[in-house]
Amino acid sequence: MTLKSIDREYLELAIDTAFRNITEGGGPFGAVIACHGRLVARAANMVVPSHDPTAHAEIEAIRQASALLGTHDLSDCVLYASCEPCPMCLGAIYWAGIRRVVYASDRHGAAAAGFDDEKIYRELTHDKDDRSIMMERGLIEQGDNVLRKWEEYPDKVRY
């Protein structure tokens with residue numbers, strides 16, 4: 001696949017970010033977000049340095065872009081990643097409304113390097129009762145009351 005020059009530039013920046021992050025104590029992943037062709041965020045995987053398992057490059061870039069743009073809606077943005085986003089990052093990409101992702105390495109390359117997401121992909125295909133994490137439900141009425149209040153709340157911002 002031939003990339004447009006702007007896509008190539010931003011994907012190279014994501015890859016360079018990942019490469020540099022290795023020697024800075026982070027994981028080998030980088031992400032860049034551009035909006036209307038303008039760079040708005042650049043981030044690296046910070047799981048180990050921050051002791052935060054959610055500090056993947058894509059999540060960090062989404063947080064930066066949202067703060068800079070002052071919105072949770074990144075539907076006008078493109079995310080460039082050094083590697084195919086994991087299931088968690090993919091979920092965040094959907095929640096952010098990002099409609100296009102350009103990536104370099106894929107999940108199989110990540111697995112070969114020790115970052116195997118296949119278990120998560122497989123788990124997501126199972127019913128919640130058949131997953132390896134036990135899911136328990138309680139205080140159903142109280143939880144449902146919160147959602148009813150949200151449904152009735154006139155000043156809600158949908159996302």
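Computation of the quantities below employed the complete heavy-atom set of this structure, encompassing side-chain atoms and omitting hydrogens, waters and symmetry-equivalent molecules. What you are looking at is a predicted structure, and each value in this text was computed from that prediction instead of being measured.
In this structure, the side chain of Asp106 engages the main chain of Gly109 through a donor-acceptor pair within 3.5 Å.
Atom CZ of Phe19 sits in a sparse spot, with 12 or fewer heavy atoms from other residues, nucleotides or ligands closer than 6.0 Å. Within 6.0 Å of NZ on Lys156 lie more than 12 heavy atoms contributed by other residues, nucleotides or ligands.
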For residues 40-49, which side-chain donor-acceptor pairs fall under 3.5 Å, sequence neighbours excluded?
unit_1 : atom_1 : unit_2 : atom_2 : d
Arg42  : NE     : Thr17  : OG1    : 2.6
Arg42  : NH2    : Asp16  : OD2    : 3.3
Arg42  : NH2    : Thr17  : OG1    : 3.2
Asn45  : OD1    : Gly27  : N      : 3.4
Asn45  : OD1    : Val47  : N      : 3.2

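Going from atom NE2 of His56 over to atom CG of Leu90 covers 12.5 Å, rounded to the nearest 0.5 Å. From Cys86, atom SG reaches atom CD of Glu118 across 12.0 Å, with rounding to the nearest 0.5 Å. Between Lys149 atom NZ and Asp144 atom CG the span is 15.5 Å, to the nearest 0.5 Å. Residue Lys128 holds its NZ atom at 12.5 Å from CD of Glu136, rounded to the nearest 0.5 Å. Note: Cys89 SG to Phe29 CZ = 9.0 Å, rounded to the nearest 0.5 Å.
The nearest pair of heavy atoms linking Val32 to Ala14 is CG2-N, 3.7 Å. Contact record, Ala81 with Glu58: CB-OE2, 3.9 Å, taken as the closest heavy-atom pair. When all heavy atoms of Leu68 and Arg38 are compared, the closest pair comes out as CD2-NH2, 4.3 Å. Contact record, Ile133 with Glu123: N-OE1, 4.3 Å, taken as the closest heavy-atom pair. Here the closest heavy-atom approach between residue Gly37 and residue Ala34 is recorded as C-CB, 4.5 Å. Residues Pro28 and Ser82 share a closest heavy-atom pair of O-OG, 3.9 Å.
Judged purely by distance below 3.5 Å, without hydrogens or angles, the side chains of Asp73 and Thr71 never pair a donor atom with an acceptor atom. In summary, the side chains of Asp7 and Tyr80 do present a donor paired with an acceptor at a separation below 3.5 Å, with no hydrogens or angles considered.
Residues Asp76 and His36 form a side-chain contact, since some pair of their non-hydrogen atoms from C-beta on lies under 4.5 Å apart. Taking the side chain as every heavy atom from C-beta outward, Tyr121 and Pro87 approach each other to under 4.5 Å. Here the side chains of Trp150 and Val146 are not in contact, with every heavy-atom distance at 4.5 Å or above. Side chains of Leu74 and Cys35 form no contact here, defined as non-hydrogen atoms less than 4.5 Å apart. Residues Ile93 and Val101 have side chains in contact (heavy-atom distance under 4.5 Å, counting atoms from C-beta outward). Val102 places none of its side-chain heavy atoms less than 4.5 Å from the side chain of Tyr10. Under the 4.5 Å side-chain criterion, counting only non-hydrogen atoms from C-beta, Arg99 is not in contact with Cys77. Side-chain atoms of Met88 and Thr54, non-hydrogen and from C-beta on, do get closer than 4.5 Å to each other.
Linking Ile, Leu, Val, Met, Phe, Trp and Tyr whenever their side-chain heavy atoms come within less than 4.5 Å puts Val78 and Ile15 in one cluster. Linking Ile, Leu, Val, Met, Phe, Trp and Tyr whenever their side-chain heavy atoms come within less than 4.5 Å leaves Ile59 and Phe115 in two separate clusters. Residues Leu39 and Leu3 share a single hydrophobic cluster, defined by chaining ILVMFWY side chains whose heavy atoms lie under 4.5 Å apart.
The pair Arg63-Glu60 counts as a salt bridge, with a side-chain nitrogen and a carboxylate oxygen less than 4.0 angstrom apart. A salt bridge links Arg107 and Glu84; the closest N-O separation between the charged side-chain nitrogens and carboxylate oxygens is under 4.0 Å. Salt-bridge check for Glu152 with Arg148: failed, with every basic side-chain N at 4.0 Å or more from each acidic carboxylate O.
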**Message:** Under the criterion salt bridge (Lys or Arg N to Asp or Glu O under 4.0 Å), I'd like the reasoning laid out for Glu24 against Arg20: C-alpha separation, chi angles, the key distance, then a yes or no.
**Reply:** CA-CA 7 Å; Glu24 295 173 6; Arg20 290 174 185 234; over 6 Å; no
**Stepwise side-chain contact (heavy atoms from CB on, under 4.5 Å) test for Ile62 and Leu79** = CA-CA 9 Å; Ile62 288 169; Leu79 187 142; 4.3 Å; yes
